[in-house]
Amino acid sequence: MKASIRALLNRFPRLKARLKRWLAWVRPSGGVSSNYVRLKAGETREEASRLRAAWQDSELPRRQRELVDGQLAAYRRGEPVDVFDVLTQALRALPSDVHGMSVLEVGCSSGFYSEVLEIAGMGVGYAGCDYSAAFIALARQKYPALRFDVEDATAMHYGRDAFDVVISGCCLLHIPEYQAAVAETARVARRYAIFHRTPVVLGQPNQYYRKQAYGVETVEIHFNEPQFLELLASCGLELIATYTLDETVHGGVGSANRTYVCRKMSA
């Protein structure tokens, strides 16, 4: 039944986007995301500074993992999970066979995408890093055979061209210095960079919000899409594919959640 509902919503992305926004308002504070408040221009820097360490909260890994374990169980049963399906589709569609490639996920949380890629039979060499020591501790506990590092996405310690594929795993939206994070992703990637689950706005400047995520207050950025694509190009990344999770546009103004697949132009 749940799989049928999910498949139906995937056929109607506007309805799906509206449902997600409604759920963001009605979920309790312990849900994934709730209580969005748009920040005024003068509030953004102050709030970003105040909430800089939000994702290092020690309770976040447990709360997120409770949700993730349910999604992983469904995925193992063969049920579609849209955020998992989009990434595996993007990897399978790369111009080069991804099997055997080294993959780094930046903002890996508890490393659960390593399990997603294993379930999907991708055959990659996965490693992950995250800003949160608590998330990395849980990742090492869950997947002791894999490499996980505590890293700042804006200044990673990996060498240039260290991994065949670098996935920016839905973390840019929480990084005020996101331009530096994009540049670092491009530097560390040898062949491809994927910006997974990126919230963008159309016909509007960047939008900044304060919200509750798993019961923790944090800042979220929704990027002006043309400017974001210009940023990718300025960092030496050629956009080769775009996957849309949901989109709502009226009169040229709207929002979307997309996964961008890029080739490193020097590759």
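Glu225 places a side-chain heavy atom less than 4.5 Å from the side chain of Tyr260. Using a 4.5 Å heavy-atom cutoff, the side chains of Asp149 and Tyr158 are in contact. Side-chain contact check for Lys142 versus Asp69: some heavy-atom pair is nearer than 4.5 Å. Between Thr88 and Leu117 the shortest side-chain heavy-atom distance falls below 4.5 Å. Contact check for Leu172 versus Thr185: no side-chain heavy atoms found under the 4.5 Å cut-off. Contact check for Tyr178 versus Leu231: side-chain heavy atoms found under the 4.5 Å cut-off. Annotation: side chain of Val124 is not in contact with side chain of Val165 (no heavy-atom distance under 4.5 Å). Inter-residue side-chain proximity for Phe148 and Phe135 is flagged as unmet; no heavy-atom pair is nearer than 4.5 Å.
Taking every heavy atom of both residues into account, Ala233 and Met265 meet most closely at O-CE, 3.7 Å. The two atoms that bring Ile119 and Leu72 nearest to each other are CD1-O, 4.2 Å, heavy atoms only. Closest approach of Gly111 to Ser114, counting heavy atoms only: O-OG, 2.6 Å. A pairwise comparison of heavy atoms in Arg92 and Ala120 identifies NH2-O, 2.8 Å as the closest pair. Scanning all heavy atoms of the two residues, the minimum distance from Thr154 to Ala180 falls at CB-CB, 3.9 Å. Between Arg187 and Gly159, the closest heavy-atom pair is NH1-C, 3.5 Å.
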Distance-only donor-acceptor hits, side chain of residues 99-108, under 3.5 Å, sequence neighbours excluded:
residue	atom	partner	partner atom	Å
Ser102	OG	Asp164	N	2.9
Ser102	OG	Asp164	OD2	3.3
Glu105	OE1	Tyr126	OH	2.5

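Under the 3.5 Å distance criterion, the side-chain polar atoms of Thr259 are matched with a main-chain donor or acceptor of Arg197. Of the possible donor and acceptor atoms, one in the side chain of Lys264 sits under 3.5 Å from a partner among the backbone N and O of Ala186. Between the Gln204 side chain and the Gly254 main chain, a donor and an acceptor come within less than 3.5 Å of each other. One N or O on the side chain of Glu184 and one on the backbone of Met156 form a donor-acceptor pair closer than 3.5 Å. Judged purely by atom type and a 3.5 angstrom limit, Gln207 uses its side chain to pair as donor or acceptor with the backbone of Pro205.
In this structure, Gln179 CD and Gln227 CD are separated by 9.5 Å, a value rounded to the nearest 0.5 Å. Annotation: the span from Glu115 atom CD to Ser110 atom OG amounts to 9.0 Å, rounded to 0.5 Å. Atom CD1 of residue Ile136 and atom CD of residue Gln141 lie 13.0 Å apart, to the nearest 0.5 angstrom. Atom CG of Leu229 is separated from atom OG1 of Thr242 by 7.0 Å, given to the nearest 0.5 angstrom. Note that the CD atom of Glu247 and the CG atom of Asn257 stand 10.5 Å from one another [nearest 0.5 Å]. Within the model, atoms OG of Ser255 and NE2 of His250 stand 9.0 Å from one another, a figure rounded to the nearest 0.5 Å.
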Test side chain to side chain contact (heavy atoms under 4.5 Å, CB included) on Arg191 and Leu94 and set out the steps.
CA-CA 10 Å; Arg191 304 179 71 177; Leu94 289 177; over 6 Å; no

Working note: Asp130 + Ser132, criterion side chain to side chain donor-acceptor pair (under 3.5 Å); need CA distance, chi angles, decisive distance, verdict.
CA-CA 5 Å; Asp130 200 281; Ser132 165; 4.6 Å; no

Working for side chain to side chain contact (heavy atoms under 4.5 Å, CB included), residues Tyr243 and Leu87
CA-CA 9 Å; Tyr243 298 86; Leu87 183 60; over 6 Å; no

Run the side chain to side chain contact (heavy atoms under 4.5 Å, CB included) check on Ile175 and Tyr131 step by step: do they pass?
CA-CA 10 Å; Ile175 302 175; Tyr131 184 58; over 6 Å; no

Give the C-alpha distance, both sets of side-chain angles, the deciding distance and a yes or no for side chain to side chain donor-acceptor pair (under 3.5 Å) between Arg38 and Tyr209.
CA-CA 4 Å; Arg38 183 174 294 181; Tyr209 299 88; 3.2 Å; yes

What do the steps show when you test Val86 against Leu245 for side chain to side chain contact (heavy atoms under 4.5 Å, CB included), and what is the final call?
CA-CA 8 Å; Val86 163; Leu245 280 160; 3.5 Å; yes

Chi angles and distances behind the side chain to side chain donor-acceptor pair (under 3.5 Å) call for Thr244, Arg258
CA-CA 4 Å; Thr244 299; Arg258 308 199 204 279; 2.8 Å; yes

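No continuous path of ILVMFWY side-chain contacts below 4.5 Å connects Phe163 to Ile194, so the two sit in separate hydrophobic clusters. In terms of hydrophobic clustering, with Ile, Leu, Val, Met, Phe, Trp and Tyr side chains grouped at heavy-atom distances under 4.5 Å, Tyr192 and Val98 are assigned to a common cluster. When the side chains of ILVMFWY residues are joined at heavy-atom separations under 4.5 Å, either directly or via intervening members, Leu202 and Val253 end up in two distinct hydrophobic clusters. Hydrophobic clustering (side-chain heavy atoms under 4.5 Å, transitive across Ile, Leu, Val, Met, Phe, Trp, Tyr) keeps Val166 apart from Leu232. Side-chain heavy atoms closer than 4.5 Å link hydrophobic residues (I, L, V, M, F, W, Y) into clusters, and following such links, possibly through other members, connects Ile167 to Tyr75.
Using cut-offs of 30° and 60° on the angle between ring planes, the pair Phe228 and Phe195 is perpendicular.
Proximity of the aromatic rings of His196 and Tyr113 is defined here by a centroid distance below 6.0 angstrom, and this criterion is met.
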